[in-house]
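Here is the structure we will look at, set down as structure tokens.
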Amino acid sequence: DGSVVVENGEIIAVGPTDQILKTYPDATHENFEKAVLMPGLVNPHTQLELAGFQPHEKQFVPWLMANWEHRQRLTPAERRSAFADGVKQLIRSGTTCIGDTGNYAGLVPTVRNLPIRAVLFPEIFSSSEAGDQYEAAFSQVDEIRSGDSRIEAGIAPYAPYTLSRNLLKIIAQQ
């Protein structure tokens, strides 16, 4: 038997319905019987650029390779579409905040226009292009942090088995 008062999209009061109706007698009152009002859910580990990707491999290493190959083939438009579709699915399930790892080149403006809070973690893993990945990841962090306060940034070293010891040390110093 509780109520929430919302003004200009912001919660300004909560409490027992009878008390709220006395305090705000002119407020529009909507009754949601058999409903639960709760904070939005947080999904701290998403990889939304993979939304819709269905690898057929069941063993880990072939699955990992298919995952990487898929990511390499994604065009910026496909990456934006997958991310937006993933956010739509999350919102339908009540998720309002995510921690996402991936590649955000050309994606940040799209994320800013989606109705979700996010911490984006550009990924780094060892390869022949490790230096380029490192620079690209930190460039993406700068772009992410230069805008909307709903979007924050971090760095995601992919996994210990995909990073050299030296690269992990360098990332840890940042």
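FYI, the numbering just counts along the sequence from 1. It should be emphasised that the depicted structure is a prediction, and the values quoted were computed from it without experimental measurement.
- Between Thr17 and Ser3 the shortest heavy-atom distance is OG1-OG, 2.8 Å.
- When only modelled atom types and interatomic distance are considered, Thr46 and Asp100 share a side-chain donor-acceptor pair under 3.5 Å.
- Within the 4.5 Å cutoff, the side chain of Leu107 has no heavy atoms near those of the Pro76 side chain.
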Inset, instruction - Applying side-chain contact (heavy atoms from CB on, under 4.5 Å), run through Ile20 and Val5 and close with a yes or a no. - result: CA-CA 8 Å; Ile20 292 293; Val5 181; 3.4 Å; yes

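- For the pair Tyr158 and Leu64, the minimum side-chain heavy-atom distance is below 4.5 Å.
- A donor-acceptor pair is defined here as one N or O able to donate and one able to accept, closer than 3.5 Å; no such pair exists between the side chain of Arg117 and the backbone of Ile151.
- With values rounded to the nearest 0.5 angstrom, Leu37 atom CG is found 7.0 Å from Ile11 atom CD1.
- Rounding to the nearest 0.5 Å gives a distance of 10.0 Å between CG of Leu90 and OG1 of Thr96.
- Across Gly154 and Val141, no two heavy atoms sit closer than the pair O-CG2, 3.4 Å.
- For the atom pair Gln89 CD and Asn43 CG, the distance stands at 11.5 Å (nearest 0.5 Å).
- In this structure, Glu57 and Pro62 approach most closely via the heavy-atom pair CG-CB, 3.6 Å.
- Listed for the Arg79 side chain is a donor-acceptor partner under 3.5 Å among the backbone atoms of Arg71.
- With no hydrogens or angles considered, a side-chain donor-acceptor pair links Gln140 and Asn103 at under 3.5 Å.
- Under the 30°/60° scheme for interplanar angles, the aromatic rings of Tyr104 and Phe83 are found to stand perpendicular.
- The distance from the CD1 atom of Ile124 to the CD atom of Glu135 is 9.0 Å, given to the nearest 0.5 Å.
- Counting only distance, with no hydrogens or angles, the side chain of Thr23 and the backbone of Gln19 share a donor-acceptor pair below 3.5 Å.
- In the hydrophobic cluster analysis, where Ile, Leu, Val, Met, Phe, Trp and Tyr join through side-chain heavy atoms closer than 4.5 angstrom, Val111 is grouped together with Leu48.
- Cluster membership for Val119 and Leu114, using ILVMFWY side-chain heavy atoms within less than 4.5 angstrom, is not shared.
- Across all non-hydrogen atoms, the minimal contact from Gly99 to Phe121 is CA-CE1, 4.2 Å.
- Tracing side-chain contacts under 4.5 Å through hydrophobic residues (I, L, V, M, F, W, Y), one never reaches Met38 starting from Val42; they form parts of separate clusters.
- Counting heavy atoms from C-beta outward, Ile144 and Glu152 have side chains that stay 4.5 Å or more apart.
- Side chain of Arg150 to main chain of Arg112: a donor-acceptor pair is present (N/O by atom type, distance under 3.5 Å, no hydrogens or angles).
- Here the closest non-hydrogen pair linking Ser93 and Leu41 is O-CD1, 3.5 Å.
- In this structure, Pro44 and Ile98 have side chains that are not in contact, with every pair of non-hydrogen atoms separated by 4.5 Å or more.
- The line from CD of Glu49 to CD of Gln47 is 7.5 Å long, rounded to the nearest 0.5 Å.
- Separation of atoms CG (Asn67) and CD (Gln72) is listed at 10.0 Å; rounding is to 0.5 Å.
- Nearest heavy atom pair, residue Phe53 against residue Ala66, reads CZ-O, 3.6 Å.
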